[in-house]
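Residue numbering restarts at 1 for every chain, and letters A, B, ... go by the order of the sequence lines.
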There are 2 protein chains.
Amino acid sequence: MDKENKFTQSQTDVLIIGAGPSGLMAAYWMARYGVNARIIDNRDTKVFLGHADGLRARTLELFDSMGFQHRVIQEGSISTEANIWVPGPQGNIIRQAQIDIFRVDESPFHNTRLNQGRIERFILDSIREHSDLDVERSVIADSLEYDEELSNDPNSYPITVKVRVLGEDDSNPPCGQEIENGSEAAGNVVNRSNLLPDDWADLAPRKKPQRTQVETIKAKYLIGCDGAHSWTRKQLNIPVEGSNTDHIWGVIDVIPLTDFPDIRRVSVVNNAAGTILVIPRERGLVRFYVPVQTCEAGTTDRFDRSKITRELIRARVQAILAPFIFDFKECSWWTVYQVGQRIAAQSTKDNRVFLAGDAVHTHSPKMGLGMNMSMQDGFNVGWKIALAVAGTLKPEVLETYASERHPLAEMLLDFDRHWSPMFTDRKPGVADTKASEIALIGGRFEDFADGWKVFYPASSLVRKAEDNAEFACARHMIPGERVRPVKLRNQADGGALWTTRVLESDGPFRILVLAGDIRNPMQKQRLETLARILAGQSGSCISPLSRYLEIPGRFKSPVDVLTVHASPWKEVELFDFPEVLRPFDPMKGWAYDKIWCDDACIFDRYCDGRAYEKWGVDRVLGALVVIRPDQYIGWVGELGDVEELTQYLDGILVKKSPTNGVHSVV
Amino acid sequence: MDKENKFTQSQTDVLIIGAGPSGLMAAYWMARYGVNARIIDNRDTKVFLGHADGLRARTLELFDSMGFQHRVIQEGSISTEANIWVPGPQGNIIRQAQIDIFRVDESPFHNTRLNQGRIERFILDSIREHSDLDVERSVIADSLEYDEELSNDPNSYPITVKVRVLGEDDSNPPCGQEIENGSEAAGNVVNRSNLLPDDWADLAPRKKPQRTQVETIKAKYLIGCDGAHSWTRKQLNIPVEGSNTDHIWGVIDVIPLTDFPDIRRVSVVNNAAGTILVIPRERGLVRFYVPVQTCEAGTTDRFDRSKITRELIRARVQAILAPFIFDFKECSWWTVYQVGQRIAAQSTKDNRVFLAGDAVHTHSPKMGLGMNMSMQDGFNVGWKIALAVAGTLKPEVLETYASERHPLAEMLLDFDRHWSPMFTDRKPGVADTKASEIALIGGRFEDFADGWKVFYPASSLVRKAEDNAEFACARHMIPGERVRPVKLRNQADGGALWTTRVLESDGPFRILVLAGDIRNPMQKQRLETLARILAGQSGSCISPLSRYLEIPGRFKSPVDVLTVHASPWKEVELFDFPEVLRPFDPMKGWAYDKIWCDDACIFDRYCDGRAYEKWGVDRVLGALVVIRPDQYIGWVGELGDVEELTQYLDGILVKKSPTNGVHSVV
């Protein structure tokens with residue numbers, strides 16, 4: 001970006017519109033890959049209170065790979081059960097069921113609630129650790145032009161976005177994008193006393209230019225993360241499809257004064273007066289979701305929003321929790337919003353402009369999944385675009401964003417269509433049958449929400465077995481699914497870490513060498529044969545580690561290697577492993593973080609030596625797996641299958657030209 | 001403090017000199033209790049690199065109670081084994097022993113290394129969260145006067161310290177306190193690239209006044225945390241006692257280039273060329289402690305410090321690790337220092353001036369314990385002074401600082417006297433016998449270092465059983481020792497937390513009601529009888545919860561209550577417990593964080609329902625325990641022993657006057 005011309009015209013490789021959770025996740029990858037990118041937002045500060053709050057275990061696994069799950073766990077509120085309350089025999093309400101929503105041994109993390117503002121804080125801090133990329137706030141996008149004729153040239157700038165950088169003189173509210181519902185309008189007060197110190201600096205709006213200025217930004221790629229009323233989507237004339245009705249919801253975050261016994265547990269409460277969802281949160285807060293009304297999509301006929309007040313929501317909660325008392329004096333945030341189950345017809349325009357998060361899918365808030373899906377969208381599209389811009393990923397792989405994420409958005413809406421009426425169409429007197437239905441749908445939904453049923457279809461990035469069968473050598477390593485988390489012991493230092501952290505989201509694809517038991521001489525020999533190929537010493541072919549174009553300024557190779565062996569930790573040494581698996585760097589010495597051991601250790605009950613078992617891998621023979629930069633499994637084979645592995649990578653990554661390492665699109 | 005007179009004369013309740021780890025720990029308590037205090041330091045910035053780095057599990061337990069252990073765990077490097085290397089048969093060195101230094105089930109935490117600068121960061125952040133107290137840097141103490149005649153009046157200001165606040169015009173180095181060895185002098189470079197972003201703001205020295213200014217500070221209490229060459233100690237003419245010899249050590253933090261297999265494991269390596277200690281650290285660093293020379297205490301005869309260079313240290317490490325190769329290109333920090341085993345004759349002057357940390361005890365660095373002992377000193381003295389200044393703690397209790405901490409300093413030196421010669425007096429050829437000695441002494445030392453043998457003697461704060469026997473009702477709850485950490489389930493929300501976090505270091509004494517199994521009607525009745533007394537409803541006496549003077553502005557009572565029951569979590573409800581155990585606040589509602597359950601839960605392998613067993617408490621009958629603000633056990637009894645409990649508290653805390661709650665020193 002040319003500083004001199006900033007207020008007239010500039011170029012960037014990637015422009016992200018919207019700095020909510022999905023936009024920030026995409027920006028994280030720009031920071032990690034060192035890509036020339038910008039991220040703009042029409043709001044003048046980040047979010048501080050309220051908004052989304054539900055975090056699924058799967059999302060925490062991603063946060064672990066990004067380096068900040070520990071902050072979420074320290075501050076957040078977890079839940080492991082969900083309770084169903086229904087009318088009792090004497091006009092009271094009774095706890096009908098207590099459902100375990102935690103799956104033993106499936107994830108190191110629990111479903112957690114923490115407000116969106118803190119999540120934004122953590123991602124922003126992580127971005128700052130890796131680059132100078134920062135959110136440009138009070139920037140309004142005014143127009144978008146897209147030149148289709150340039151779409152096939154990856155080095156072209158087919159996107160032109162005109163933006164206004166709001167100055168002190170601009171007293172108009174932002175109008176390029178619709179303002180998110182809620183917040184100040186509802187009288188929510190943000191100040192130092194209800195924020196943690198690390199958010200104080202963001203409390204004051206940034207210093208603005210004196211006058212509003214106009215800038216024309218040319219971009220290679222654009223990611224629209226600008227919410228349910230996405231401005232980007234509208235500029236592209238992408239229609240949204242879905243229900244003809246909207247639901248009006250009231251939401252309050254309060255410190256409750258109540259004798260309802262499950263106020264600190266996730267609960268669905270329904271009686272003749274209606275149904276509410278009770279969601280305990282951090283710092284003593286509890287959130288209540290209260291369905292208020294249904295109306296025709298996009299209209300507010302029969303619905304006067306000004307009539308929905310905090311007092312009305314309070315009264316609704318009181319009526320539904322009765323005969324338990326309910327009240328509050330402290331309300332940290334509240335809002336009213338109108339939403340239907342809808343999905344954008346496309347998530348991309350020519351794989352140059354992408355939509356992510358609420359810009360693609362809207363649904364009821366009660367699944368505690370919206371922010372998760374949105375962040376995973378941003379995570380998925382982010383690494384792909386960054387790696388494509390770097391010249392390392394073949395541009396056609398960008399097609400997988402839509403093929404991987406769009407079907408999930410459809411599944412999400414499908415669940416919501418079953419789930420939402422439990423709340424909005426409730427009839428008095430059928431409470432108990434409804435409750436069991438909630439439990440049933442809820443159970444199936446959890447499978448999906450926690451990421452076990454989130455598999456990506458076959459594509460250049462996902463090499464499935466024939467008939468979608470499992471691979472015999474690694475039966476529970478399913479291409480298109482995530483790696484099942486296990487705790488491993490580092491061979492060099494003996495410390496135990498979850499794979500969610502070991503498989504850091506730092507950029508490269510990873511060849512996971514499941515070396516088996518190298519005390520077995522045959523197996524040691526197999527490993528050494530593999531190592532010779534990886535080291536480029538086999539003569540016949542170029543190593544997949546040195547075959548592909550580097551990520552400029554960050555990684556010499558977009559393919560890294562990580563070894564997990566199954567010998568007892570004390571019976572082998574780091575230097576027993578071939579050098580290519582623990583390569584030497586003239587500044588950093590040997591790589592001590594690349595050889596891991598699946599062995600139980602007495603000092604950590606979770607480091608139980610069951611990784612191979614959980615992954616369905618033979619402890620002697622091992623296997624070979626490729627993990628994508630986003631921790632999804634891309635390819636599975638045996639230790640000897642390097643040729644097939646290379647074919648897989650050839651389909652994704654740009655090879656160096658044989659002589660000088662120069663970009664050669666094949 | 002009167003702002004107008006700041007540069008002439010001012011008053012503060014507590015003045016802390018030195019903002020290293022011990023001073024910051026004391027300052028933490030000032031922040032938590034809201035005490036009027038100041039903390040000054042002669043350096044112009046915090047520490048960033050190098051310096052102390054060893055953290056014991058016990059220290060992490062304290063950090064958990066302060067709310068930031070998760071940051072240490074995320075960044076630090078842990079170790080669970082220590083290795084002994086000795087000369088082998090062919091002129092090589094071999095691994096003779098691998099010693100487990102982790103004790104299963106004793107602590108949730110492991111021995112961890114992280115540089116002092118990060119620890120200072122975390123404590124500073126924690127202080128900031130609770131008050132406006134901030135370190136005043138570039139402030140030099142010039143003189144100290146102490147008026148003994150005022151020592152018996154707790155409201156007097158017997159201490160007068162004149163300080164210079166260094167201004168831009170002052171080009172002289174600080175001279176009031178001696179400058180710590182190492183750092184810039186040794187050519188260590190600190191810049192953004194080797195710091196984490198949250199330290200960047202502290203990298204630039206604070207804005208100084210234009211001219212150096214002089215201020216006279218009157219204080220009720222003074223804590224000298226000003227290091228081995230303590231200026232405070234010298235002003236009080238407190239002699240130091242101990243060895244007549246000093247040892248000269250070289251220390252380097254480097255990214256090693258080596259094929260020594262245990263470079264990422266704690267190792268003692270000795271051969272004919274000498275002995276070194278290898279300590280792996282965060283971010284790929286490894287620290288080497290290299291004994292260089294011995295000389296007469298306080299002198300540098302036969303020792304020219306300028307001759308000890310980084311190159312000399314490199315060469316020593318190379319010689320000792322040979323035939324393994326060793327070198328480095330990146331050195332983050334190095335220093336040379338001279339130290340002997342010495343202890344101050346007293347840790348206090350009239351219990352108005354206190355010394356803590358290195359100002360009291362100096363010893364060799366190789367035990368990885370110095371920073372821990374120093375922080376625990378500051379932690380111990382901090383809460384006592386703060387609570388005394390608040391008028392809530394009887395001033396005579398301050399005597400327990402010396403009686404609790406001084407004997408430990410002596411133990412520490414005693415260990416060092418046995419331990420240090422292993423390194424400094426090594427003779428070639430006796431390596432293997434020495435090694436087994438190291439293992440033996442090391443093993444006994446670990447007991448002490450990890451806090452199991454850190455018990456405080458009987459005092460007003462520690463009510464021991466006769467003959468120091470255990471109490472039958474809580475056999476492993478030993479007054480004067482810390483609470484053995486266990487993981488408990490919160491009754492209200494079902495989440496599992498370690499007691500190290502539940503017993504937050506937030507100020508009050510805690511009555512720990514081990515309620516037993518309340519499904520048993522007899523036991524329920526016993527609990528209700530106790531609750532009536534605690535609620536002040538028994539008629540005969542004032543509840544210990546409302547009997548003592550408040551902590552002004554922070555807590556209505558310096559005594560809080562926490563319940564841990566042994567009924568199955570699903571079989572009781574929060575509201576089954578008497579109200580006084582989960583009191584109602586008109587703003588915050590019922591207290592949901594005060595009733596905990598000792599029950600196993602499927603979602604957490606550490607929440608195993610073994611708390612009562614580990615504490616030696618009967619699951620039906622329970623017990624009653626008082627936990628001091630620093631998590632040490634003060635008193636143990638049965639559920640019915642409220643009268644004895646009150647006697648214990650009466651000996652420590654100042655009672656309200658019966659009519660108006662006004663301070664009445666008894």
Exercise. Show your working on salt bridge (charged side-chain N to carboxylate O under 4.0 Å, His left out) between A:Asp105 and B:Arg605 and close with a plain yes or no.
Key: CA-CA 10 Å; A:Asp105 274 1; B:Arg605 294 186 194 173; 2.6 Å; yes
Quiz item: Are the side chains of B:Phe575 and A:Asp259 in touch, meaning some heavy atoms are under 4.5 Å apart?
Solution: yes
Practice problem: Supply the atom-to-atom distance B:Ile263 CD1 to A:Asp493 CG, rounded to the nearest 0.5 angstrom. | Solution: 12.0 Å
Quiz item: To the nearest 0.5 Å, how far apart are NE2 in B:His70 and CZ in A:Arg71?
Solution: 7.0 Å
Exercise. Under 4.5 Å heavy-atom distance to chain A, tell me which part of B:Arg489 shows up: side chain, backbone, both or neither.
Key: side chain
Quiz item: Does the side chain of A:Lys588 come within less than 4.5 Å of B:Glu330's, by heavy atoms?
Solution: yes
Quiz prompt | Partner chain A: residue of B:Asp262, B:Asp604, B:Asp327, B:Asp593 with the largest heavy-atom pair count (under 4.5 Å) | solution = B:Asp604
Quiz item: At a heavy-atom separation under 4.5 Å, does B:Pro280 approach chain A through its side chain, its backbone, both, or neither?
Solution: neither
Quiz item: If you count heavy-atom pairs under 4.5 Å with chain B, which of A:Gly589, A:Pro197, A:Ser77 comes out on top?
Solution: A:Pro197
Quiz prompt | Per-residue contact mode, B:Thr258 against chain A (heavy atom under 4.5 angstrom) | solution = both
Quiz prompt | Contact leader toward chain A among B:Pro261, B:Pro256, B:Pro586, B:Gly494, where contacts are heavy-atom pairs under 4.5 Å | solution = B:Pro586
Quiz item: Which bit of B:Gln74 comes within less than 4.5 Å of chain A, counting heavy atoms only: side chain, backbone, both or neither?
Solution: both
Quiz item: Can you say whether B:Leu497 sits under 4.5 Å from chain A via the side chain, the backbone, both, or neither, judging by heavy atoms?
Solution: neither
Quiz prompt | Most contacts with chain B, counted as non-hydrogen pairs under 4.5 angstrom, among A:Phe68, A:Tyr592, A:Trp200 | solution = A:Tyr592
Practice problem: Please flag which part of B:Tyr606 lies under 4.5 Å from any non-hydrogen atom of chain A: side chain, backbone, both or neither. | Solution: both
Quiz item: Under a 4.5 Å heavy-atom cut-off, does chain A meet the side chain of B:Arg95, its backbone, both or neither?
Solution: side chain
Exercise. Write out, in numerical order, the residues from residues 121-132 of chain A with a heavy atom short of 4.5 Å from a heavy atom in chain B.
Key: A:Arg128, A:Glu129
Quiz item: At a heavy-atom separation under 4.5 Å, does B:Phe109 approach chain A through its side chain, its backbone, both, or neither?
Solution: neither
Practice problem: Measure the acute angle between the ring planes of B:His110 and A:Phe603, then classify it against the limits of 30° and 60° as parallel, tilted or perpendicular. | Solution: perpendicular
Exercise. Give, as side chain, backbone, both or neither, the part of B:Ile602 having an atom under 4.5 angstrom from any heavy atom of chain A.
Key: both
Quiz item: Given that the side chain runs from C-beta out, which part of B:Asp608 has a heavy atom under 4.5 Å from chain A: side chain, backbone, both or neither?
Solution: side chain
Exercise. For A:Trp569, enumerate each residue passing the ring-ring contact (aromatic ring centres under 6.0 Å, His included) test, keeping only those at least two apart in sequence or located in another chain.
Key: none
Quiz prompt | Closest-packed option against chain B by number of heavy-atom pairs under 4.5 Å, given A:Ala492, A:Gly284, A:Ser79, A:Pro108 | solution = A:Ala492
Quiz item: So, do B:Trp590 and A:Leu257 sit near enough that their side-chain heavy atoms are less than 4.5 Å apart?
Solution: no
Exercise. Check ring-ring contact (aromatic ring centres under 6.0 Å, His included) between B:Tyr28 and all other residues, then give those that pass, not counting sequence neighbours.
Key: none
Self-check item: Pairing residues for A:Phe288 by the ring-ring contact (aromatic ring centres under 6.0 Å, His included) criterion, not counting sequence neighbours
Solution: A:Phe326
Self-check item: When A:Asn490, A:Asp100, A:Val254, A:Ile255 are compared by non-hydrogen pairs under 4.5 Å with chain B, the top option
Solution: A:Ile255
Self-check item: Nearest-0.5 Å distance that lies between atom CZ in A:Arg264 and atom CD in B:Gln491
Solution: 14.0 Å
Quiz item: At a heavy-atom separation under 4.5 Å, does B:Thr80 approach chain A through its side chain, its backbone, both, or neither?
Solution: side chain
Practice problem: Determine the option with the most heavy-atom pairs under 4.5 angstrom with chain A, choosing from B:Arg265, B:Lys329, B:Met587. | Solution: B:Arg265
